[in-house]
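These notes are about the structure you will find just below.
Everything quoted here is computed from the prediction, not taken from an experiment. Here is how names work: the chains are called A, B, and so on, in the same order as the sequence lines, proteins then strands, and each is numbered from 1.
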Protein chains: 2
Amino acid sequence: MSLWQQLLRLLGYHKTTDRFTFEADASLIHSLQGLAKQQRRPEHEVAAELLSFAIAQRDAAEQNLQRWEQLSPREQQVAALICLGYTNRQIAARLTISPETVKTHARNLLLKFGLGSREELRFALAGWDFSAWDR
Amino acid sequence: MSLWQQLLRLLGYHKTTDRFTFEADASLIHSLQGLAKQQRRPEHEVAAELLSFAIAQRDAAEQNLQRWEQLSPREQQVAALICLGYTNRQIAARLTISPETVKTHARNLLLKFGLGSREELRFALAGWDFSAWDR
DNA sequence: ATTTTACCAGAACTTTTGTTCTATTAATTA
DNA sequence: TAATTAATAGAACAAAAGTTCTGGTAAAAT
């Protein structure tokens, strides 16, 4: 019985793996084995924990999406550019407004997110892809 | 408890009973199903991706530990307090040095980490527990 | 019709971080 | 022994973010 099948079984699944998924699993199996050996724990246990960790990350991302949707168009623009790492001055130049206005929008959107700084915003939305806003 | 042990603990290095693991799996199944449904993808595929993501996080943490160990005692102090969210002034007061000196140590430790700002440091070490440095 | 609210715009002032430089000391290297 | 390096300490200046305030307009509520 393969590791993946062990995992699926642990998770209560009884599906067979197709060929594509198996290839991806090969590298995962290797990583999992390395990690499990390092931790001296069974692979399936390590895998379950890693999944739990990853899913928690996703749940937080879901909540942030709801907050994102409450932003005004302008606030979303500013938020995206903040997360892309631009300074107020750079954002201002891009949106043809003043840096002070950027700060105002930043303040407002942070309030809607319930965050205290743009660093927190960048941290909260770290897994998001804002490349579409970077034209 | 050493920092390494703290880190391992944060990374979830602890023994669990079969029973605990089983309970965790039930919630995992639920979460996985929800996520897979949302993404309209097979559960095992989503799980593989999540695992991949989680393992990448772990690898990065390992690398950061090596960099941490290259820091001088003072640099570790400053790094820990930075990650706990203190300002230069606050750190200076605590270590009875000037804020300028804090900045110098910050500069030096960031160089050793290969990072550009304290925000990046806080991001890189986000999963670490620095409470022991917060007396 | 008037008031309220959300959105967009902006400025003055403060705080914080970043950048570049200087100096001393102990340990190591040439 | 002199030179080099790492660690620790510090300051001047610049850039960036944070804080508090103001103002105009359109739409919704009173």
Side-chain angles (χ1 to χ4, degrees), chain A residues 64-126 128 130 132-135, chain B residues 3 63-126 128 130 132-135:
Chain A
N64 287 328
L65 181 63
Q66 291 173 17
R67 290 180 177 137
W68 172 268
E69 288 168 346
Q70 289 173 14
L71 302 186
S72 73
R74 202 62 156 170
E75 285 163 355
Q76 287 185 351
Q77 272 181 313
V78 170
L81 295 172
I82 283 173
C83 289
L84 285 168
Y86 292 113
T87 64
N88 292 337
R89 178 178 292 191
Q90 290 169 328
I91 295 168
R94 171 164 292 199
L95 302 183
T96 54
I97 55 177
S98 82
E100 281 77 30
T101 306
V102 173
K103 283 188 273 186
T104 298
H105 291 312
R107 181 88 251 125
N108 293 336
L109 74 91
L110 287 173
L111 282 174
K112 290 182 181 180
F113 266 96
L115 301 173
S117 68
R118 58 194 58 193
E119 179 182 330
E120 286 177 44
L121 181 73
R122 283 192 283 259
F123 187 72
L125 305 185
W128 290 34
F130 288 106
W133 300 76
D134 203 3
R135 333 149 261 119
Chain B
L3 180 63
Q63 192 174 27
N64 286 328
L65 181 63
Q66 292 173 18
R67 290 178 178 139
W68 172 269
E69 289 170 344
Q70 287 173 13
L71 301 187
S72 73
R74 201 59 154 174
E75 285 164 354
Q76 287 185 352
Q77 273 181 311
V78 170
L81 295 172
I82 283 174
C83 288
L84 284 168
Y86 292 112
T87 64
N88 292 338
R89 178 179 292 190
Q90 290 169 329
I91 294 167
R94 171 163 294 200
L95 302 183
T96 54
I97 53 176
S98 82
E100 280 78 30
T101 306
V102 173
K103 282 188 276 184
T104 298
H105 291 313
R107 183 84 249 131
N108 295 336
L109 74 91
L110 287 174
L111 282 174
K112 290 183 181 179
F113 267 96
L115 301 174
S117 68
R118 58 195 58 196
E119 179 183 330
E120 286 178 45
L121 181 72
R122 281 191 284 260
F123 187 72
L125 306 185
W128 291 34
F130 289 105
W133 300 76
D134 203 3
R135 337 145 263 116

Can you tell me the distance, in whole Å, between the CG atom of B:Leu95 and the C1' atom of D:dA7? 14 Å
Produce the list of close N/O pairs, under 3.5 Å, pairing protein atoms with atoms of nucleotides 19-22 of chain D; give distances to one decimal.
unit_1	atom_1	unit_2	atom_2	d
D:dT19	OP2	A:Arg107	NH1	3.0

Distance in angstrom units between A:Ile97 CD1 and D:dG24 C1', rounded: 16 Å
5' precedence on DNA chain D between B:Leu71 and A:Arg122 (nearest-nucleotide basis): B:Leu71
Can you spot which of A:Leu109, A:Leu81, A:Leu71 makes a side-chain contact (heavy atoms from CB on, under 4.5 Å) with A:Gln76? A:Leu71
Side chain of A:Arg118, heavy atoms from C-beta onward: which of D:dG18, C:dG10, C:dG18 has the nearest atom to it? D:dG18
Could you check which of C:dC8, C:dT17, D:dG18 has an atom nearest any side-chain atom of B:Asn88? C:dT17
Let me spell it out: for each of B:Gly85 and A:Thr96, pick the nucleotide of DNA chain C with the closest heavy atom. Which residue's pick is nearer the 5' end? A:Thr96
Within the structure provided, determine whether A:Arg94 and A:Val102 are in side-chain contact (heavy-atom separation under 4.5 Å). no
Distance, rounded to the nearest Å, where A:Leu115 contributes CG and D:dG18 contributes C1': 15 Å
Whole-Å distance, A:Arg89 CZ to C:dT17 P, equals 20 Å
Would you kindly give the NZ-to-P distance between B:Lys112 and D:dT5, to the nearest whole Å? 15 Å
Taking atom C1' of D:dA16 as reference, at what distance in whole Å does atom CD of A:Gln90 sit? 11 Å
Does the side chain of B:His105 get closer than 4.0 angstrom to OP1 or OP2 of D:dA7 through an N or O atom? no
Heavy-atom nearest pair, B:Ile82 first then B:Ala106, reads CD1-CB, 3.9 Å
When you compare the side chain of B:Leu95 with that of B:Ile91, does any pair of heavy atoms fall below 4.5 Å? yes
Pairwise side-chain contact, B:Ile97 with B:His105, heavy-atom cut-off 4.5 Å (strictly under): yes
Please determine if a side-chain N or O atom of A:Thr87 lies less than 4.0 Å away from the OP1 or OP2 oxygen of D:dA15. no
Over all atoms of both residues, closest heavy-atom pair of B:Ala124 and B:Leu115: CB-CD1, 4.3 Å
Is any side-chain N or O of B:Ser72 closer than 4.0 Å to OP1 or OP2 of D:dT8? yes
Taking the six-membered ring where the residue is Trp, are the ring centres of B:Phe123 and B:Trp128 under 6.0 Å apart? no
Kindly point out which of D:dA7, D:dA9, C:dG10 is positioned nearest to the side chain of A:Thr101? C:dG10
Determine: side-chain N/O of A:Arg74 to OP1/OP2 of C:dA9, distance under 4.0 Å, yes or no. yes
Check the distance between C:dG10's P and A:Ile91's CD1 and give it to me in whole angstrom. 14 Å
Per the side-chain contact (heavy atoms from CB on, under 4.5 Å) rule, which among A:Gln70, A:Glu120, A:Glu75, A:Arg67 passes with A:Phe113? A:Arg67
Nearest whole Å is fine: how far is D:dA17 P from A:Leu109 CG? 13 Å
Please classify the nucleic acid contact of B:Asn108 as base, sugar-phosphate, or nothing, using heavy-atom distances under 4.0 Å. base
